[in-house]
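Notes for the one structure printed next.
Below, each value reflects all heavy atoms present in this structure, side chains not excepted, and no hydrogens, waters or symmetry copies. Chain letters run A, B, ... following the sequence lines, proteins first, then strands; residues in each count from 1.
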Amino acid sequence: MSAISRDDVAHLASLARIELTEQELNDYAGQLDVILTAVASISEVAADDIPPTTHAVPVVNVFRDDVVTPSLDRDSVLDHAPAAEDGRFRVPRILDEE
Amino acid sequence: MSAPLIDFDEVIANFDPVLGLEVHVELGTASKMFCGCATEFGAEPNTQVCPTCLGLPGSLPVVNGTAVESAIRIGLALNCSIASWCRFARKNYFYPDMPKNFQTSQYDEPICFEGYLDVDVETDEGTRTFRVEIERAHMEEDTGKSLHVGGSTGRIHGADFSLVDYNRAGIPLIEIVTKPLEGAGKYAPEVAKAYVGALRDLLRGLGVSDVKMEQGSLRCDVNLSLRTSPDAPLGTRTETKNVNSLRSVERAIRYEMQRQAALLTDGTAIIQETRHWHEDTGVTTSGRVKSDAEDYRYFPEPDLVPVAPSAEWIEQLRSQLPEPPAERSKRLREEWGISEKEMQSVINAGALDLVLATIAEGADPAASRKWWLGELARRANDEGVELESLAITAKQVADLEGLVQSGRLNDKLARQVIDGVLAGEGEPAAVADSRGLQIVSDDSALLEAITAAIEADPDAAQKIRDGKVAATGALVGSVMKATKGQADAARVRELVLQELGQ
Amino acid sequence: MSDLIHASAVELAAQIANKTVSAIEVTQAHLDRIAEVDGRVNAFLHVDADGALEQARAVDHAVASGQALSPLAGVPLALKDVLTQTGVPTTAGSKILEGWRPPYDATVVERLRDAGVVILGKTNMDEFAMGSSTENSAYGPTHNPWDLERIPGGSSGGSAAAVSAYEAPLAIGTDTGGSIRQPAAVTGIVGAKPTYGAVSRYGLVAFSSSLDQAGPFARTVVDTALLHSVIAGHDPRDSTSIKEPVPDVVGAAKSADVSNMRIGVVRELSGEGYQPGVQARFDEAVELLRAQGAEIVEISCPSFTYALGAYYLIAPSECSSNLARFDAMRFGLRTDDNGELSAEDVMRHTRAAGFGPEVKRRIILGTYALSSGYYDAYYGQAQKVRTLITRDFEAAWASVDVLISPTTPTEPFRIGERVNDPVAMYKADLCTLPSSLYGGPAISVPIGLGDENLPVGLQVMAPVMADDQVYRVAGAVEKALAQQWGGLLLDQAVAL
């Protein structure tokens, strides 16, 4: 388990789309290091042959029938959008291509 | 923007292409993958949305069982193994048309894996079968659609802002990924096209999707790299997106091969990037560079439980699969008494289902093939659309053929009726009525035109009287012209000969 | 102070049903109490007086027309602001959702409405339920009614404080790593985390999907069980919702019979780091249970030691993904959209302005734990530890019916005391994390006051879908202590 640098935090913040100040970058680098040290004990557990648990109660095949149910009223959705136009959500210009 | 290209033959002489195809199919389910919103194409923007497909806080997904069934059926038809236990995973990345900023997809546990699809391609040595190996087919959800407003091009670059419609967000998708396809050599573009075409026929046969490429319900991304020889290590690949017709699959690959070869010949390295295919200009342009920073942070979707199809369920679905397209085509070839090559041209034109539907509506096989591969194929080509997108149905073609059989129309008049049907003037019979199209069967009217034709061309008339029957053509032609094509040419010929004592 | 605010939910429902008092009067009494004390407690983010009175009126109408009533009809409730409710804002304690009014009701809210429960308003919480003190709310901390300088626990601190301050007899909280049980313990009330999947998560603003679970708060065990039975049950809109019928928690709470039960004391949840007063009250509670005929066994659960590590990898990982949707595009806050900045930059700026420090910290931590190259070492390993913890529980069930421990290692700390020490803060959840990771039910019930004269809770943990067992034990403890104290622990609090 490696130490987290300021640059690591900057990279993570970019993946997570959060603008962090220089102060925050440094603070989080230190704090994450402390947290990771505190949680590092889990790596001591030899668990190669242990299956992971992703759900508390194991259930499989929960499906719904292919039936159309009512959608939301468009106005009720767009009224709470930061910006809307022509029945659509208006968003700032998109730089990245998908 | 067009890049330097080198001649295709030269590409083949110096390079070996390796292909990979990723096809996204929108399933034709009534409701979305994880919620009950309708999936209808072309609805008013943001009228088919709910908390779940809008990714509103607190909303949760529930899997559409029919979508899972469709995925399994597709896998079985592609000769895949079906996972006895698999999960959905979250693919995390931010994009404004993706409501949750993660796509619910499958990662290392696809529902279908390790299959193949055999496709036939015409080569210099005759028809050759290429086996396209399928790596996986997995379930995921579609994104919304952005409209880029302002700027000069209307494209994403230079836009002032964008307007997003989430109706498409959450529509079930199956992504079918091939293994790297090697050894196709100069036939690589044709093999890719044949694969996508065969896949389309197979999916249509399964009834799981309307597979309309121009509406985006079947979308193809093409991975391509070149290497100097089949023994050389794989080259750097590009991923060309937005290849949305069968013809484009072939053209885009051909273009990318020529572009990459020109760069490599010049000693320039290929950049690993996404490229965009432009149907209008026939080129690909550079998109996003695939950087190492891309990190989707996949993890099992905690809001969903695993999918574990029982062996019984899988076998039941297998037993209900329709006849595979390849076997069906063999059977039909025998029934219709046509050659493999003729059959292939029906399939390549994307006409098989249309011909079958036309036969089902009462037309005979030969006539059905004639219309779809002849006149209608020409119209589709003129309009630059797929055959199936023409505004004429199999029933209308069958009706048209019925009018010809009954003697009301000849082929020339029938073509005019097609004009009318395509122009939205109604059913064939109604078009014929409203346009006044009808073979002139009244002999007296024809005789009047024949007399006029004889008077206008006494030389030809004399030749016929003298026994030179070949000269009949000229007179028949002018009668047909005079009757604006509404006469039965055979009957005109009979009457001309009779009139001139032959 | 009106007697109506001190009455239990059972008493209020009975009085409303037999027309001794109207639901309107009960609701108004609580609204008055909120007006009187909430300036000091800050339990509520939004009080919906009109909506509450309207719901109360409907109940009175039903009473008048002789309709059959649910057992909690007309009883007021405080709802944690992490559940969607139409007509009022849902903020999840965050600036990024300021002013957002969801277009749909959470399943829990639907069930409460159907049961005639009167929702007074939305309660304060740690932002997106991330915290153990309610100090991480963007809307200021909630104060512990026992000592306004102290934290009320978290993240459901507003709900716990509302019940403890007699602003509501019932409240809904959510528990991801202890966020119901820990606040219940430090405010001297009862709080239960049902089996994961017993209560629908539909409409619960997700923090950590595989752990989040809504549950009830009340001042008595029976009230808590009644609320549990109202909100639990299968919901087809939540794929992880359990189909099996809800155990008879009300019957178990009423029986309060532990004779012949085998109760395990978890060895790992004691010792260093546990305040002497907490340990002393716990030991007395164990003796109380033994005196009522329970067989007490010490049980070792070695993997519990790793619960903190596993939890602080799993929960941040899931939250980093769950909170990605707060991107300024479709709902909620949008900042710096000046026509110049791109969508990508507006997302960055809005998330920087809209999320508090703890939320950012956990998103960054979770992004790290899921990133390529680290997944196996962190998230993957944490899920395996979860399996080991589950195995410890299952091994325990071979010899005991329930496990018990203190709910928290310490009494509530002072507001501001641990804000700059995340790890110290995280340790408040040390005892509650194992059953969160396992998914079984757990409850906290008051067992007295510690060294600083502040409440101490007993945690009871049971097998998955044996929710009735935790109510049975909690009921027995409550009954025995009520005999000693002549009432509830809360009666010993200084009146606000």
Side-chain angles (χ1 to χ4, degrees), chain A residues 1-2 4 8-9 11-21 24-25 27-29 31-32 34-45 47-57 59 62-64 72-73 75-84 89-96, chain C residues 100-101 103-104 195-197 210 236 239-240 242 303 305-306 308-310 312-313 320 324 327-334 337 339 341-349 351-352 355 360-361 363-365 367-368 371 377 380-388 390 422-423 426 438-440 464:
Chain A
M1 308 244 173
S2 56
I4 293 195
D8 292 335
V9 176
H11 171 64
L12 296 168
S14 141
L15 281 176
R17 285 270 160 87
I18 303 176
E19 185 89 359
L20 292 184
T21 62
E24 285 174 312
L25 290 174
D27 287 354
Y28 286 152
Q31 287 168 347
L32 292 190
V34 172
I35 295 168
L36 285 172
T37 309
V39 303
S41 65
I42 69 156
S43 66
E44 299 161 6
V45 189
D48 286 347
D49 53 343
I50 306 291
T53 294
T54 49
H55 290 94
V57 182
V59 184
V62 176
F63 303 137
R64 106 193 131 68
L72 286 170
D73 170 57
D75 292 340
S76 78
V77 172
L78 293 180
D79 282 353
H80 291 100
F89 292 84
R90 181 177 163 154
V91 305
R93 66 201 168 87
I94 301 166
L95 278 190
D96 299 345
Chain C
W100 181 59
R101 285 169 186 262
Y104 74 109
T195 294
Y196 178 87
S210 73
S239 306
T240 59
I242 293 172
S303 298
T305 324
Y306 304 109
L308 186 79
Y312 278 97
L313 290 169
S320 71
D327 66 353
M329 299 294 117
R330 292 161 300 284
F331 56 85
L333 186 70
R334 180 186 288 184
D337 183 12
L341 286 184
S342 65
E344 291 79 0
D345 282 335
V346 168
M347 285 183 191
R348 275 191 196 94
H349 288 221
R351 288 164 66 80
F355 289 144
K360 290 183 201 171
R361 188 153 43 225
I363 290 175
I364 298 288
L365 175 60
T367 303
Y368 179 74
S371 58
Q381 182 76 1
Q383 298 284 39
K384 290 180 171 187
V385 168
R386 218 173 153 175
T387 306
L388 295 175
T390 298
V423 174
Y426 297 169
Y438 160 56
V464 162

Considering only heavy atoms, which portion of [X] lies under 4.5 Å from any heavy atom of chain C: side chain, backbone, both, or neither?
{"X": "A:Val91", "value": "both"}
{"X": "A:Leu20", "value": "side chain"}
{"X": "A:Arg93", "value": "both"}

For each of [options], tally heavy-atom pairs with chain A at distances under 4.5 Å, and name the one with the top tally.
{"options": "C:Leu388, C:Leu333, C:Asp345", "value": "C:Leu388"}
{"options": "C:Val385, C:Ile363, C:Ile364", "value": "C:Ile364"}
{"options": "C:Ala352, C:Ser342, C:Gly197", "value": "C:Ser342"}
{"options": "C:Ala343, C:Gly309, C:Gly439", "value": "C:Ala343"}
{"options": "C:Arg330, C:His349, C:Arg101", "value": "C:Arg330"}

Just so I know, are the side chains of A:Arg90 and A:Pro82 near enough to count as touching, which here means a heavy-atom distance under 4.5 Å?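 A:Arg90 does not reach A:Pro82 side chain to side chain.
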Can you confirm whether A:Ile4 sits close enough to C:Tyr368 that some side-chain heavy atom of one is under 4.5 Å from a side-chain heavy atom of the other? yes
Sort [X] into side chain, backbone, both or neither according to what part of it lies under 4.5 angstrom from a heavy atom of chain A.
{"X": "C:Thr240", "answer": "side chain"}
{"X": "C:Ala324", "answer": "neither"}
{"X": "C:Tyr426", "answer": "side chain"}
{"X": "C:Tyr196", "answer": "both"}
{"X": "C:Leu341", "answer": "backbone"}

Holding to side-chain contact (heavy atoms from CB on, under 4.5 Å), I want the full list of residues that pass it with C:Pro103, two or more places apart in sequence or in another chain. A:Leu72, A:Ser76, B:Leu56, C:Trp100
Begin from the C-alpha positions of C:Thr387 and A:Thr53 and carry the test side chain to side chain donor-acceptor pair (under 3.5 Å) through to its verdict. CA-CA 5 Å; C:Thr387 306; A:Thr53 294; 2.7 Å; yes
What I want to find out is whether A:Glu19 reaches C:Arg351 closely enough, with some N-O distance under 4.0 Å, to be called a salt bridge. no
With rounding to the nearest 0.5 angstrom, report the OH to NZ distance, A:Tyr28 to C:Lys360. 5.0 Å
Tell me every residue that passes side chain to side chain donor-acceptor pair (under 3.5 Å) with C:Arg361, counting only those two or more places apart in sequence or in another chain. A:Gln31, C:Glu358
Looking at C:Ala328 and C:Val346, what are the two nearest heavy atoms and their distance? CB-CG1, 4.3 Å
Let's test your reading of the structure: which of A:Ile18, A:Val62, A:Leu32 forms the most heavy-atom pairs below 4.5 Å with chain C? A:Ile18
Using only heavy-atom distances, determine whether the side chains of C:Ser210 and C:Arg386 contain a donor-acceptor pair under 3.5 Å.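 A donor-acceptor contact under 3.5 Å links the two side chains.
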